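Structure record follows, encoded as structure tokens.
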Amino acid sequence: MSMISIIVPCCNEEESLPLFYSEAVSVLGSLGNDFELLFVNDGSTDGTLSIIKDLAAKDPHVRYISFARNFGKESAMYAGFGNVRGDYVAVMDADLQDPPSLLPEMLKILETGEYDSVATRRIDRRGEPPVRSWFARQFYRLINRYSDTDIVDGARDFRLMKREMADAIVAMPEYNRFSKGIYGWIGFRTYWMPYENIERVTGKTKWSFWKLFKYAIDGIISFTQAPLSIASFFGFFMTFCSFLALVFIIVRKLVFGDPVAGWASTICVIIFIGGIQLCVLGIIGQYIAKIYLETKNRPHYIIAESSFVPEKKVG
Ligand code: UDP
Ligand code: MG
């Protein structure tokens, strides 16, 4: 009988956790498969860990990992993938925005053998500030145009996948993790299941606009070199323009002599070119910063305690 593992990254979810647990268990219990809930406590500062411990004490289906501090959802998912035992693996938010009620249908699709993963995609952005939606849409347009990896708009991290896919994710040890890109990069046959956006049950999202913006930049830097190409293009273009200007100035001097004039336009050109140089340096700097982090080879997470012996304590 196949086993289903659910990875649940939790950061300050003491209010949502009990609701999530009871809903998840009632759905998973009705499936007839063996299952496990792997909670990853990502440095919560509220009672999340003690709630998880209580659940683990009374229910053998529950296992947990607790980080030494907050390492972010990407690291929590990475730790989860490295420690699941199931034949099918899913990642779910603790706030019930990823409804467990979709699981039976997802499992049915996987069991036909036609697909390796079933991913969810929200079809609307209801309940989201319009400015945020606009930026999100532009981001997906941009990254899909310039990256070879297919990154789907509205895709959530909630997906049920075969074990092989989870193993492939574990084999991608990059430090700057952008899971939507990673899922796209590893490939496999994915069925997209649309569903309507659901508000969180309690608490509020941990994503501020700027955090999301930074995450989007991370995604772009990690999955496309287009900004570097654009920078080089600008460099060539400016060189070409300056060559034309040089010819123009020499010809003008030969024909009209050299009255002193035009310092204002000179300053404009200097500022313009200086600005472009700084922009380009900034773009290069972004990539160098990522290389720097990547070469330091720091672990993604440090496990402080867990209900079992994890694959790696520091991974
Ligand atoms: N989360 C986490 N570490 C973090 C931030 C979030 O493990 O640093 C978890 C959080 O507990 C939740 C999931 O990631 O289970 C999604 O977070 P949230 O609901 O804040 O994001 P949203 O649904 O708004 O994208
Ligand atoms: Mg959420």
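What you see is a predicted model; the values in this text were computed from it and never measured. For this chain, numbers begin at 1 and follow the sequence in order. Counting convention: from 1, in listed order, for ligands and their atoms alike.
- Atoms of ligand 1 lying under 4.0 Å from at least one heavy atom of R156, given by number and element, are 23 (O).
- The shortest side-chain heavy-atom distance between T120 and R156 falls under the 4.5 Å cut-off.
- The side chain of Q97, and not its backbone, has at least one atom closer than 4.0 Å to an atom of ligand 1 (non-hydrogen atoms only; side chain from C-beta on).
- Taking backbone and side chain together, D95 holds an N, O or S atom under 2.8 Å from the Mg ion (ligand 2).
- Checking side-chain atoms of H300 against main-chain N and O of S75 turns up no donor-acceptor pair under 3.5 Å.
- Ionic pairing of D218 and R177 is not present here: no N-O contact between side-chain nitrogen and carboxylate oxygen is shorter than 4.0 angstrom.
- Applying the 4.0 Å criterion to heavy atoms of E13 picks out, from ligand 1, the atoms 10 (C), 11 (O), 12 (C), 15 (O).
- With R137 contributing its side chain and R132 its backbone, the two residues share no donor-acceptor pair below 3.5 Å.
- Those atoms of ligand 1 with a heavy atom of G72 less than 4.0 angstrom away are 3 (N), 8 (O).
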Could you walk me through whether F71 and Y301 pass the ring pair (Phe, Tyr, Trp, His ring centres under 6.0 Å) check? CA-CA 6 Å; F71 282 93; Y301 57 83; 7.3 Å; no

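- Of the protein's heavy atoms, T205 OG1, 2.6 Å lies nearest to atom 24 (O) of ligand 1.
- Ranking the protein heavy atoms by distance from atom 14 (O) of ligand 1 puts K73 CD, 3.2 Å first.
- Distances below 4.0 Å separate heavy atoms of D42 from the following atoms of ligand 1: 2 (C), 3 (N), 4 (C), 7 (O), 8 (O).
- The shortest N or O to N or O distance between A76 and ligand 1 is not under 3.5 Å.
- For atom 7 (O) of ligand 1, the candidate residues are P9, S44, A94; the nearest heavy-atom contact is made by P9.
- Looking only at protein heavy atoms, the nearest one to atom 20 (O) of ligand 1 is K206 N, 2.8 Å.
- Defined by atom type and a distance below 3.5 Å, a donor-acceptor pair is present between the side-chain atoms of S66 and N41.
- Looking at C10 against ligand 1, only its backbone comes within 4.0 Å, counting heavy atoms.
- Protein heavy atom in closest approach to atom 1 (N) of ligand 1: C11 CB, 3.8 Å.
- Looking at atom 25 (O) of ligand 1, its nearest protein heavy atom turns out to be W207 CD1, 3.6 Å.
- A donor-acceptor contact closer than 3.5 angstrom links the side chains of Y215 and E74.
- Checked by atom type, the side-chain pair D59/Y21 shows a donor-acceptor distance below 3.5 Å.
- In the model, E14 has no side-chain atom that pairs as donor or acceptor with a side-chain atom of T48 under 3.5 Å.
- Here D93 has heavy atoms under 4.0 Å from ligand 1 in both its backbone and its side chain.
- The residue V8 has no part lying near ligand 1, judged by heavy-atom distances below 4.0 Å.
- Neither the backbone nor the side chain of M92 comes within contact range of ligand 1; no heavy atom lies under 4.0 Å.
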Give the intermediate values and the outcome of ring pair (Phe, Tyr, Trp, His ring centres under 6.0 Å) for residues Y115 and Y191. CA-CA 6 Å; Y115 293 96; Y191 179 88; 5.3 Å; yes

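- The contact set between ligand 1 and D95, taken as ligand atoms under 4.0 Å from a residue heavy atom, comprises 19 (O), 23 (O).
- Side chains of S16 and D95: no donor on one and acceptor on the other come within 3.5 Å.
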